[in-house]
Each structure stands twice: as C-alpha cells, then as structure tokens.
Amino acid sequence: MPGGGQAGGEFSLIARYFTWPTPSADLGVGDDAALLRVAPGMQLAVSTDLLVEGTHFLAGTDPGRLGHKALAVNLSDMAAMGARPRWATLALSLPSADDRWLDAFSGGLRALAGRHGTELVGGDTTRGPLSLCVTILGEVPAGQALRRDGACAGDEVWVSGTLGDAAIGLALLTGARAPALDAAAAAACIERLEAPQPRVALGLALRGIASAALDVSDGFAADLGHILERSGVGACVEVARLPASAALAPFADDPAVREALLGGGDDYELCFTAPAAAAADVVRAAAQAGVLVTRVGRIVPGAGLALVDEDGRELPPARRGFDHFG
Ligand code: ADP
Ligand code: MG
C-alpha cells in the first residue's frame, strides 16, 4: 500500500492472507517476481479479469463469494480455452485492511484455487476503492487450445449448464424486473451470480472435439456473436432449446426470463461448436466432466445470428424478448 506507515501492515497482510504453499512454482510470493516452469510442448494461456465494486459486483457482497468469483471468472477463461489452470496472481485495491473481510475473501479464493489445483504466486496490494484483479496462467498442449475462430458451416452450437440464472439473480438483488421465484429458487439464482462454477473439466474434455469455444460472460447471443465474427460464419439458434434451470423453467414465457436466457451475462457457461459427426463425443466429454450440455443450433454460411422458433421460422424482434442486437 502507498504511504510509509502502511508498509509493515502490507507485508504482514500478504503473509497472513495471500501466502500459501506453491509446490509447482520454482518461486512463489515474496520476491520481485514468481518463477514458473512451463512443461515442454505446452503453450502458456494467460488471461486477466478486473472486478470493480459498483461496476462488476454490488457494494456489500459477501467477501467469501467475492474471493471465489474473482478467481472463478478467470478459471472460466481457462476453461473456454481448454487450458489447465496452474498459477494466478492477485492485484487488490482495498479501502481498508479489515481482518474479517480479508479472512473471508482469501478463504473463498483459496478454496476454489485448491479445487482446481491453481497456486497463487504473486500480486500487488494497495489502498484504494475496492477492486480485484486476478491474472491466471494455464497450460495447453501447443496447438490444441479452443479458440473462437474455428467454427465451420455445418457445425452444431452447444451450451453447457443453464443460462440466465445470474441475470435474474442480479435483477432480484437490484429490484429490477424478475419473475416471482420462491425463496429457494431466488437463492439459487443469486448463488449463480455470486459464486459461479467455472467449467474447467468440460473445457479440458472438449480439446480435440470442439471447433470453437468461449465462456458466456456477456450473454449467450452476444458471446456467440464473437465466435461468428471471428470464424466468419453465421448461426441459427432455436430459442426454445436454450437451457433453463429448475428455478427459471417454470417462468420460461416471462419476458424477463426470455431476455435473461439470450442476453443475461455472468453465467460462465461454455458456448462451443463441434462438427455434427462429433455429437456423441461431445456428450461423452460432458458426461466425463459431469456437466449437462445442450445442442441449441447450427453454424451456417454467411454472418450474424438468426433466432428461430420450433418450426424454424425466424422470430420477429418483438418475440425475441430481447433487442440489444440484430
Ligand atoms: P514489489 O514492491 O516488488 O511490487 P510487493 O511489496 O508489492 O513487491 O509484494 C511483495 C510480494 O508479495 C511479491 O512477491 C508480490 O508478488 C506478493 N504480493 C503482493 N500482494 C499480493 C497479493 N494480494 N496476493 C498475492 N501475492 C501478493
Ligand atoms: Mg507491488
């Protein structure tokens, strides 16, 4: 932290909350830089996500969940690349050094890191408005990463898990338009928002099967649009196939739910494409990863996303329940 008086506090804070065993690093927290060894034949996959209070999370969010989420969104990027997460750094700006907050925050981060074999090897800590920036480093066999630019006409479009829960969770917390969920369903949606589960095992299992992939952080339609642009293709998606959770399925006709399925961010599911002939491999990979996957459409020549009903008729904008694009 800046300001001479804080130096002792800063180092004991780092030692207390952010210095964990890092057996797979040659050198972890405590020097000017960490030293890491990438296995021969592997590419290093690197990604950063910055979470700022008031922009990416609500003030007063449970610190344990915040620690989880700061890492989860980065693990999700590794999942989307088919990379195995190995190491992370944490840049933290804190308004004050509150022990209870730091204990819960570092606990949430550490628990998720432990589950994914990811070691915290460095970072930076400063005083300022609350913001959390994790950089993650992962390994992927050279040439095998799941990129956004590999989708081909004829491929099928898949999505993991369920969509829209996080957006409805946010609507519930902010008092925006949301269906009348019971307490358990509401808690499930809020948990999706605050403690998303990155699909790391699925990303690894999809290597060699998926032709393109990304994680859904801005909303299904917008994120699939990135694959289409980078791959130079179009897609046709059957809206009724978009997977809804048990919490949201009873409200599938509610405009807020329709909009959340197509456009809600923060779900951190994987959207990916695969050749039609690989459908059985996709299902096997998903079963191996313990994740549900749903085939929602197909890649077509051309550009842009067409949304269709069960009979293949293109939906007019009014029936999309969504007009942020197209
Ligand atoms: P420097 O002055 O070289 O930037 P710092 O004093 O900021 O070093 O940090 C000391 C050590 O603690 C470094 O190894 C750094 O990577 C690590 N570190 C600082 N903040 C964090 C944090 N929030 N999480 C993990 N490691 C951290
Ligand atoms: Mg520093």
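Quick caveat: nothing in here was measured; it's all calculated off a predicted structure. Both counts, for ligands and for their atoms, begin at 1 and track the order of listing. The chain is numbered in sequence order, starting from 1. The figures here come from the full heavy-atom set of this structure, side chains too, leaving out hydrogens, waters and symmetry mates.
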* ligand 1 atoms in contact with Gly122 (distance to a heavy atom under 4.0 Å) -> 16 (O), 24 (N), 25 (C), 26 (N), 27 (C)
* Asked: When you measure from atom 18 (N) of ligand 1 to each heavy atom in Gly123, Ala88, Ser93, which option holds the nearest one?
  -> Gly123
* Looking only at side chains, do Ser231 and Asp149 share a donor and an acceptor under 3.5 Å apart? -> no
* Candidate with minimal heavy-atom separation from atom 3 (O) of ligand 1, of Asp32, Val29, Leu13 -> Asp32
* Element-labelled atoms of ligand 1 that are located less than 4.0 Å from some non-hydrogen atom of Thr125 -> 19 (C), 20 (N), 21 (C), 22 (C), 23 (N)
* Structure fact -> In Leu92, Leu90, Thr125, the residue satisfying side chain to side chain contact (heavy atoms under 4.5 Å, CB included) with Ile14 is Thr125
* Against heavy atoms of Phe11, which atoms of ligand 1 measure under 4.0 Å? -> 6 (O)
* Asked: Closest heavy-atom contact between Pro129 and Ser93?
  -> O-OG, 2.6 Å
* Give yes if a backbone or side-chain nitrogen or oxygen of Leu92 is under 3.5 Å from a nitrogen or oxygen of ligand 1, and no if not. => no
* Hey, could you give me the CG/CZ distance between Leu202 and Arg207, rounded to the nearest 0.5 Å? => 12.0 Å
* Structure fact -> Per-atom filter on ligand 1: closer than 4.0 angstrom to a heavy atom of Gly30 are 11 (C), 13 (C), 14 (O)
* Of the side chain and backbone of Leu120, name the one, both, or neither that has a heavy atom under 4.0 Å from an atom of ligand 1. => side chain
* With a 4.0 Å cut-off on heavy atoms, does Tyr17 reach ligand 1? -> no
* To do: Applying side chain to side chain contact (heavy atoms under 4.5 Å, CB included) between Asp266 and each of His56, Lys69, Arg192, report the one that passes.
  => Lys69
* Asked: Heavy-atom distance under 4.5 Å between the side chains of Cys152 and Val233, does that happen here?
  -> no
